[in-house]
There are 2 protein chains.
Amino acid sequence: MRVLKFAILGLLEQDKMTGYDIAAAFKGALGQFWSAKHSQIYPELKKLVVEELIAFETVIQGEKLEKKLYSLTAKGTAELMDWIQRVEAVNVSNKDEFMLKTYFIAAMDKQEAQQLFSNQLNSRQRKLEKLEQILTELEAEQKAPIHFSSPEFGHYLVLTRAIEREKGYIQWLERSLALME
Amino acid sequence: MRVLKFAILGLLEQDKMTGYDIAAAFKGALGQFWSAKHSQIYPELKKLVVEELIAFETVIQGEKLEKKLYSLTAKGTAELMDWIQRVEAVNVSNKDEFMLKTYFIAAMDKQEAQQLFSNQLNSRQRKLEKLEQILTELEAEQKAPIHFSSPEFGHYLVLTRAIEREKGYIQWLERSLALME
DNA sequence: GTCTGCATGTAACTCGTTACATGATTAG
DNA sequence: CTAATCATGTAACGAGTTACATGCAGAC
């Protein structure tokens, strides 16, 4: 149901942006829970202009590089606000190829399984370190403790969720490895 | 990269099945991490037959209901085993519409945000209860404690992961709500 | 001057969902 | 008998990825 549409509207509500900026936003903490490639973003932006949910002004960078700065229209803001308070069903299947393999663990021998789990554990630990570093930097930039009205509250919540998701995964991997002995 | 293909091969490695059975398997614990609708399963089964990774025998149920019992070929088993020990990159973006909204929390007023979070907390708690019930039933069926060679080990691991995922989500929701006061 | 990053687009393809369509079996 | 479940398929559409394609700006 066109979630990318709302992702774009939400980003533009924060600030005027180009398509490139939107793609860049998906490379940060937000990208842990939603992302899209530029090849999906640009056509969607065109569609949203036709639907009059966003508008753009052309800006010249340097000598002649044209970039399109998009912003929300009143209609776009209204649709964003409608979506944001809508209660959607909890999505069941969060696809995870590693867990699919885990379900078929009976087809592995013990060594193979341990190798696979150790490997996954390692990757997850490295990912966790990166996320924790980003959180440290975010917290360092704040003067007061983060609260509801901080401009970075959304970013903070998403980051802490990503970090705890990894921690939970890591704990489960460790306990599963212990069970395999 | 055709993950559904391997999901089907993995299920058929456990037992001969119909397309309907495969769809049913996705409604259980496995469905927490991978699933597909029957409209995707049936065409994929046909494709896998053409590729000679699976084969089927037609079985008559009752008077005249024909069903197709699929099973792995040697080639299919080989491809499954190759995939299962392959190390894939940790997937970055596990899409979650609620977390997308969370990222845009600055566009909500406090009451709206609290409402949304309470609601999500409730849904997650009900989901957790259901998963824990399934685990209780699974454990009741076991004579000995579950270990690597138990036929239900894969099922058990996936269930415990799903349960802890929900617990982690719930804790984060509670702590986030506390932060909003 | 050359490499990295900024900036925008399209085409082809694969994956996944919703809807359309049909019919048999089984348990109450 | 009738409702839920078993069983199989197709069509249309929407979402998402990979690859193709181009060019400017800024830093070193």
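Every chain is numbered from 1 and lettered A, B, ... according to where its sequence line falls, protein lines coming before strand lines.
- A ring-centre distance under 6.0 Å is not found for B:Y20 and B:Y42.
- Interface remark: the A:T18 side chain does not form any donor-acceptor pair with the C:dT8 base, using a distance-only criterion of under 3.5 Å.
- The listed nucleotides are C:dG16, D:dG9, D:dG23; the one nearest the side chain of B:Y70 is D:dG9.
- A salt bridge links A:E51 to A:R2: one of the charged nitrogens lies within less than 4.0 Å of a carboxylate oxygen.
- Side-chain N/O atoms of A:Y42 include none lying less than 4.0 angstrom from OP1 or OP2 on C:dG9.
- Considering A:I22, A:V3, A:L80 as possible partners of A:I8, the one that fulfils the side chain to side chain contact (heavy atoms under 4.5 Å, CB included) test is A:I22.
- The CE atom of B:M1 sits 10 Å away from the P atom of C:dC15 (whole-angstrom rounding).
- Under a cut-off of 6.0 angstrom, the local environment of CD in B:Q125 is crowded, with over 12 non-hydrogen atoms contributed by other residues, nucleotides or ligands.
- Among the nucleotides C:dT17, D:dT18, C:dG9, the one closest to any side-chain atom of B:S39 is C:dT17.
- Residue B:Q61 is in sugar-phosphate contact alone, with no base atom involved, counting any heavy-atom pair closer than 4.0 Å across all strands shown.
- Taking atom NE2 of residue B:H38 and atom P of nucleotide D:dA7, one finds them 14 Å apart after rounding to whole Å.
- Within the structure, a side-chain polar atom (N or O) of B:K67 is placed less than 4.0 Å from OP1 or OP2 of D:dA7.
- A:E137 and A:Q133 share a side-chain donor-acceptor pair at under 3.5 Å.
- Summarising the geometry, the separation between CD1 on B:I22 and P on C:dG16 is reported as 15 Å, rounded to the nearest angstrom.
- The distance from atom CD1 of B:I60 to atom C1' of C:dT26 is 17 Å, rounded to the nearest whole Å.
- The distance between atom CD1 of A:I41 and atom C1' of C:dT10, rounded to the nearest whole Å, is 15 Å.
- If you take CH2 of A:W34 and C1' of D:dG16, they are 10 Å apart, rounded to a whole angstrom.
- Nearest-nucleotide mapping onto DNA chain D: of A:R2 and B:E66, the residue sitting toward the 5' end is B:E66.
- The shortest distance between the side-chain N/O atoms of A:K37 and the OP1/OP2 oxygens of D:dT17 is not below 4.0 Å.
- Across all strands, B:K46 comes closer than 4.0 Å only to sugar-phosphate atoms, never to a base (heavy-atom distances).
- Considering only the side chain of A:K95, C:dG16 comes nearest among D:dT18, C:dG16, D:dT8.
- Nearer the 5' end of DNA chain D, as judged by each residue's closest nucleotide, is the contact made by B:K68, out of B:K68 and A:E63.
- When the nucleotides D:dG23, D:dT8, C:dT25 are ranked by their closest atom to the side chain of A:L65, D:dG23 comes out on top.
- A:Q40 places its CD atom 15 Å from the C1' atom of D:dA19, with the value rounded to the nearest Å.
- In this structure, the NZ atom of B:K27 is 12 Å from the C1' atom of D:dA7, given to the nearest Å.
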